Amino acid sequence: MKRVGILVATHKVGVESALNNLIALLKSLGSDILLPSPATASLHRPDEASMEALRTAELLIALGGDGCVLSAARLAAPLGIPILGIRLGGFGFLAEVEASEMETALRRIWDGDFLLDERLMLQVTHRQQGSPDWSAIGLNDAILLKTPASPLPSWEVWVDEELLARYPADGVAVATPTGSTAYTLSAGGPILAPDVEALLLMPMYAHTLTLRPLVLPFRSTVQVRLLPQRRPVAGEISVDGQETHPIAPDDLVTIAAAPFRAKIIRLGGLSFFARLRQKLRWGERQ
């Protein structure tokens, strides 16, 4: 691990101290550090690298929380760069290591004592007549929702070029197994174990009892169209809650598994089911 990139959630409490400790540890291990300028500017660090330079890293560390891990995955997954999440407080379902444990974790990684957990990624394309295509990738989900001022819309959903349904709903979501513990869970969706090879298709707050979440083979392609209606309607697509883009009636949004996986470092700590019990209070009565 000669070149290590660091993405930093600069808003986290205690981040400056944690970053200084992390940089000192990496330097003691003989690594060159790639720290992009947004972090150096806000945390008054002399180190600086471009975001483009992170593409040459052998390891990408996400210092912050799950949102930072999601950002790291979009950068690192297409390049096959492994990701280590270091948690600074908060929920931390994806981030593997507590800040207080990072020295032990880094030394284990440098000794080769770790596992790589490969996670499905989504590839999202928005096509609008007369405009360039917009695309994004995500680790968790792609959520299509109406704008707050719009009336209840209908969404036409196709799976592998076959019409599935027209959903009278606030929106439509497609999630990976990783993302099944995120936004779709709060809307009543099922949880998929992270090693399940599947996609979750879910109407968001549907206005009918006949529509339920649907688990699809991971090779499926989902296409969603916001249908026009008498009153003006508009929507937005959000990928991982971080990349957003407006959509208009008759625009076509295509969602499928990406041709690459996110490689997340695991150190044999909490299992997925232990995380459910600890983080989501799975099975507790109170």
Side-chain angles (χ1 to χ4, degrees), residues 70 119-131 133-194 196-258 280:
L70 294 175
R119 300 290 186 94
L120 277 172
M121 296 280 292
L122 294 178
Q123 177 77 53
V124 182
T125 303
H126 168 246
R127 183 161 297 165
Q128 183 178 36
Q129 288 187 353
S131 299
D133 289 353
W134 177 86
S135 63
I137 58 174
L139 176 59
N140 264 0
D141 47 38
I143 312 288
L144 292 84
L145 287 174
K146 75 179 188 70
T147 58
S150 292
L152 176 69
S154 288
W155 307 82
E156 188 175 78
V157 180
W158 295 68
V159 177
D160 295 331
E161 300 185 353
E162 181 178 352
L163 178 64
L164 172 65
R166 294 181 176 91
Y167 291 172
D170 288 358
V172 177
V174 178
T176 65
T178 302
S180 70
T181 55
Y183 191 13
T184 56
L185 178 62
S186 68
I191 291 177
L192 305 182
V196 171
E197 297 282 274
L199 299 176
L200 172 61
L201 171 62
M202 183 168 176
M204 301 296 286
Y205 318 110
H207 289 238
T208 173
L209 295 178
T210 61
L211 292 174
R212 292 290 182 265
L214 184 63
V215 179
L216 300 172
F218 80 99
R219 291 188 176 87
S220 298
T221 297
V222 178
Q223 292 182 305
V224 183
R225 193 187 308 273
L226 175 60
L227 295 177
Q229 54 190 60
R230 292 179 183 178
R231 295 171 59 192
V233 63
E236 183 178 73
I237 182 167
S238 172
V239 179
D240 283 352
Q242 296 178 342
E243 300 278 342
T244 59
H245 194 72
I247 53 176
D250 280 333
D251 291 357
L252 183 66
V253 177
T254 302
I255 307 163
L280 299 183

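Please read these numbers as outputs of a predicted model, since none were measured by experiment.
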## Note on the structure
To the nearest 0.5 Å, atom CG of Leu226 lies from atom OH of Tyr167 at 15.0 Å
#### Entry: Basic-acidic side-chain contact under 4.0 Å: Arg127, Asp133
yes
### Inter-residue atom distance Leu192.CG - Leu200.CG, 0.5 Å rounding
5.5 Å
### Query
Heavy-atom distance under 4.5 Å between the side chains of Thr147 and Pro246, does that happen here?
no
### Message
Taking Arg166's backbone N and O only, do any of them form a donor-acceptor pair with Ser154's side chain (distance below 3.5 Å, no angle check)?
### Response
no
### Task
Decide yes or no on side chain to side chain contact (heavy atoms under 4.5 Å, CB included) for Ile237 and Val224, but give the supporting numbers first.
CA-CA 11 Å; Ile237 182 167; Val224 183; over 6 Å; no
### Donor-acceptor contact present, side-chain Asp141 to main-chain Val174, <3.5 Å
no
### Query
So, for Ala234 and Ser150, which heavy atoms are closest and what is the spacing to 0.1 Å?
N-OG, 3.0 Å
### Query
When rounded to the nearest 0.5 angstrom, what distance separates CE in Met204 from CD1 in Ile143?
5.0 Å
### Task
To the nearest 0.5 angstrom, please state how far the OG1 atom of Thr176 sits from the CG atom of Asp240.
8.0 Å
### Task
Check each of Leu199, Leu139, Asn140 against Leu122 using the side chain to side chain contact (heavy atoms under 4.5 Å, CB included) test, and report the only one that passes.
Leu199
### Query
Can you name the closest pair of heavy atoms from Pro168 and Leu152 and give their distance?
C-CD1, 4.2 Å
### Task
Decide yes or no for Leu120 and Pro177: does some side-chain heavy atom of the first lie under 4.5 Å from some side-chain heavy atom of the second?
yes
### Task
Please assess Val215 against Val196 for the test side chain to side chain contact (heavy atoms under 4.5 Å, CB included), listing each intermediate value before the final yes or no.
CA-CA 10 Å; Val215 179; Val196 171; 5.6 Å; no
### Summary
Separation between CG (Leu252) and CD (Gln128), nearest 0.5 Å, reads 11.5 Å
### Query
Using 30° and 60° as the class limits, which term best fits the ring planes of His126 and Trp134: parallel, tilted or perpendicular?
perpendicular
### Message
Quick check: closest heavy atoms across Ser220 and Asp160, and the distance to 0.1 Å?
### Response
CA-OD1, 3.4 Å
#### Entry: Gap separating the CZ atom of Arg225 from the CG atom of Asp251, nearest 0.5 angstrom
8.5 Å
## Note on the structure
For Met202 and Gly188, the nearest pair of non-hydrogen atoms, with its separation, is CE-C, 3.6 Å
### Query
Between Arg212 and Pro203, which heavy-atom pair has the shortest distance, and what is it?
O-CD, 3.9 Å
### Donor-acceptor pair, side chain of Thr181 and main chain of Thr178, under 3.5 angstrom
yes
#### Entry: Exercise: identify the closest heavy-atom pair between Ala173 and Thr184
CB-CG2, 3.8 Å
